[in-house]
Amino acid sequence: MVSPNPLVGSVVVKDGVVVGSGYHRYDELKHAEVWALEEAGSLARGSSVYVNLEPCSHQGSGKRTPPCVKALIDARVGRVVASMFDPNPRVNGSGFEQLRAAGIEVETGLLETEARRLNEKYAKFVTTGLPFVHLKVASSLDGCIATVSGESKWITGESARNASQALRHQYDAILIGIGTALADDPILTDRTGLQRRRPLTRVVLDSNLRLSPESQLVRTAAVNPLLIFTAKSTGNHDRLRLVQAGAEVVGVDSSDGRLDLKAVLTELGKRELASLIVEGGAEVAGSFVSQNLVDKFTFFIAPKILGGKRSHPSIGGEGFQRLTDAVVLHDVVTLHHNEDIELTGYSRRNLHRDLY
Ligand SMILES: NC(=O)c1ccc[n+]([C@@H]2O[C@H](COP(=O)([O-])OP(=O)(O)OC[C@H]3O[C@@H](n4cnc5c(N)ncnc54)[C@H](OP(=O)(O)O)[C@@H]3O)[C@@H](O)[C@H]2O)c1
């Protein structure tokens with residue numbers, strides 16, 4: 001609901017009692033701390049204020065929001081306990097400095113790991129201008145995402161698929177390759193029924209604009225944003241029919257039928273899409289993995305064996321020659337959905353791994 005802003009919540013405590021609380025809502029001008037201070041009223045004086053992110057020290061863009069640091073100083077709070085520094089280069093420590101200079105005690109690091117995870121998308125976006133990339137795969141026990149004939153619906157059970165939808169809900173954009181679009185004719189909408197501030201932007205990598213105007217993606221483009229990346233050299237005639245149907249077509253550099261993924265991510269960042277879930281297929285997943293562009297991985301694994309050397313592996317491309325080259329996940333969490341397993345972790349090879 002707040003992307004590309006951070007998720008922030010705050011609690012004001014006086015003599016061991018919660019006297020105010022608040023959280024950031026994008027459409028309201030006030031930040032979490034200000035809501036909490038207003039609720040606390042005069043009890044804010046001398047209180048401890050708990051917040052998961054460093055209070056901001058700058059006027060929000062377009063003068064949307066006054067700095068929270070000023071509100072905390074004006075309310076004469078006694079102590080601020082913040083989980084983490086704000087990675088935003090416009091803040092990064094200056095909020096804490098200003099509070100300390102005003103005589104307010106500042107403590108940092110409480111539940112820092114949880115706080116960093118909560119705002120991992122924001123941290124990547126605000127420091128790089130690129131979306132946080134989460135690769136999601138549904139595979140069999142032997143690592144296949146489709147049978148020899150290309151059948152992939154459904155490898156996992158209903159409960160895992162619901163969890164996958166819940167994951168989708170947390171992202172600003174969702175991306176697939178044209179191979180998947182042609183094989184499955186997916187619609188790629190957020191079907192959780194939960195409220196969103198912005199609709200989920202659907203993204204397809206399609207160098208030669210093979211996506212059919214009759215596809216579910218294009219037929220729903222007037223209501224659900226559809227962004228098709230193609231090679232710069234692709235003709236205008238092909239673009240026109242998709243644009244007329246409501247899709248946006250963007251040309252980027254390409255080589256050997258592979259679009260430049262960094263250019264794709266940069267374009268998404270320019271549109272303030274702070275997070276991206278990549279849902280396949282194998283070739284697209286292989287490109288993201290081999291270029292170390294994945295921040296977070298989730299594999300839904302079903303206890304099924306598809307077998308066969310012509311089945312589709314979950315991660316395509318050239319693969320790695322040596323075990324020491326393999327992508328190793330850390331901070332791995334596993335969940336169970338009936339007999340299916342959900343495994344999530346972060347890549348050690350990612351350039352931005354220190355951010356979250
Ligand atoms: N179980 C699952 O989780 C799951 C999820 C998704 C898909 N699937 C299955 O996966 C199969 C499709 O996978 P796929 O590997 O054939 O197709 P894909 O990865 O969806 O699409 C590959 C195509 O995307 C285009 N592309 C453009 N830029 C690219 C880049 N930088 N890197 C990679 N590809 C790029 C290329 O076609 P152009 O050159 O024409 O642009 C390429 O051939 C289907 O059977 C589908 O059912 C399973």
Side-chain angles (χ1 to χ4, degrees), residues 133-158 160-161 163-165 167-168 174-188 202-212 215-217 227-235 238-239 242 249-268 276-294 297-306 308 310-319 337 340-344:
V133 178
H134 192 158
L135 176 66
K136 188 225 95 178
V137 172
S139 79
S140 63
L141 200 54
D142 53 337
C144 298
I145 57 165
T147 62
V148 180
S149 67
E151 218 182 298
S152 69
K153 282 178 181 164
W154 300 104
I155 290 176
T156 51
E158 194 180 350
R161 296 205 303 275
S164 169
Q165 275 285 328
L167 202 59
R168 194 182 274 190
I174 179 168
L175 181 147
I176 59 165
I178 184 63
T180 299
L182 295 176
D184 298 347
D185 190 23
I187 190 162
L188 300 182
R202 296 144 337 134
V203 183
V204 182
L205 302 184
D206 184 7
S207 317
N208 304 299
L209 292 184
R210 291 188 282 150
L211 187 63
S212 162
S215 62
Q216 289 210 78
L217 284 166
L227 192 50
I228 304 168
F229 284 97
T230 191
K232 276 185 177 156
S233 53
T234 307
D238 295 322
R239 291 176 190 226
L242 294 164
V249 180
V250 178
V252 290
D253 289 331
S254 68
S255 63
D256 300 331
R258 295 287 179 263
L259 299 173
D260 178 346
L261 295 184
K262 287 190 185 127
V264 168
L265 294 178
T266 303
E267 279 294 329
L268 297 180
L276 172 71
I277 187 154
V278 177
E279 290 205 5
E283 284 311 311
V284 163
S287 294
F288 272 91
V289 169
S290 63
Q291 293 177 49
N292 290 330
L293 294 173
V294 181
F297 291 83
T298 293
F299 285 78
F300 289 96
I301 304 161
K304 289 179 187 162
I305 295 166
L306 301 189
R310 286 187 298 115
S311 302
H312 296 248
S314 54
I315 312 292
E318 297 301 314
H337 303 283
D340 298 334
I341 295 169
E342 175 182 351
L343 187 149
T344 294

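Predicted model, so just to flag it, every value in this text is computed and none were measured. This chain uses plain numbering: 1 for the first residue, then up along the sequence. Order of listing sets the numbers, starting from 1, for every ligand and every atom in it.
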Considering only heavy atoms, which of [options] lies nearest to [atom]?
| atom | options | result |
| --- | --- | --- |
| atom 2 (C) of ligand 1 | S140, A282, G317, A138 | A138 |
| atom 26 (N) of ligand 1 | G150, A181, G257 | G257 |
| atom 15 (O) of ligand 1 | R210, K153, E283 | E283 |
| atom 38 (P) of ligand 1 | G316, S207, A285, G280 | S207 |

Atoms of ligand 1, numbered as shown, that sit under 4.0 Å from any heavy atom of [X]:
| X | result |
| --- | --- |
| S152 | 47 (O) |
| D206 | 41 (O) |
| L261 | 31 (N) |
| E279 | 5 (C), 6 (C) |
| S287 | 30 (C), 31 (N), 32 (N), 33 (C) |
| A146 | 45 (O) |

Residue and atom name of the nearest protein heavy atom (relative to [atom]), distance in Å to one decimal:
| atom | value |
| --- | --- |
| atom 11 (C) of ligand 1 | H312 ND1, 4.1 Å |
| atom 8 (N) of ligand 1 | I145 CD1, 3.7 Å |
| atom 7 (C) of ligand 1 | T180 OG1, 3.1 Å |
| atom 37 (O) of ligand 1 | I178 CG2, 3.3 Å |
| atom 16 (O) of ligand 1 | G179 CA, 4.3 Å |
| atom 46 (C) of ligand 1 | D184 OD2, 3.4 Å |
| atom 31 (N) of ligand 1 | L259 O, 3.0 Å |
| atom 30 (C) of ligand 1 | R258 CD, 3.4 Å |

Checklist entry - Is the count of non-hydrogen atoms from other residues, nucleotides or ligands lying under 6.0 Å from E151 atom CD greater than 12? => result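 Count not over threshold, so no.
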Between [X] (side chain) and [Y] (backbone), is there a donor-acceptor pair under 3.5 Å?
| X | Y | value |
| --- | --- | --- |
| K153 | D184 | yes |
| D206 | L211 | yes |
| R210 | I178 | no |
| K136 | S164 | no |
| E279 | I176 | no |
| D340 | G157 | yes |

Checklist entry - Is there at least one pair of N or O atoms, one from A183 and one from ligand 1, spaced under 3.5 Å apart? => result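 No.
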Next on the checklist: Test side-chain contact (heavy atoms from CB on, under 4.5 Å) on L205 and R258; report intermediate values, then the result.
Outcome noted: CA-CA 9 Å; L205 302 184; R258 295 287 179 263; over 6 Å; no
Nearest heavy-atom neighbours spanning [X] and [Y]:
| X | Y | answer |
| --- | --- | --- |
| S139 | I145 | CB-CG2, 4.3 Å |
| A181 | V204 | CB-CG1, 4.5 Å |
| L261 | S287 | CD1-CB, 3.6 Å |
| T234 | S207 | OG1-O, 2.7 Å |

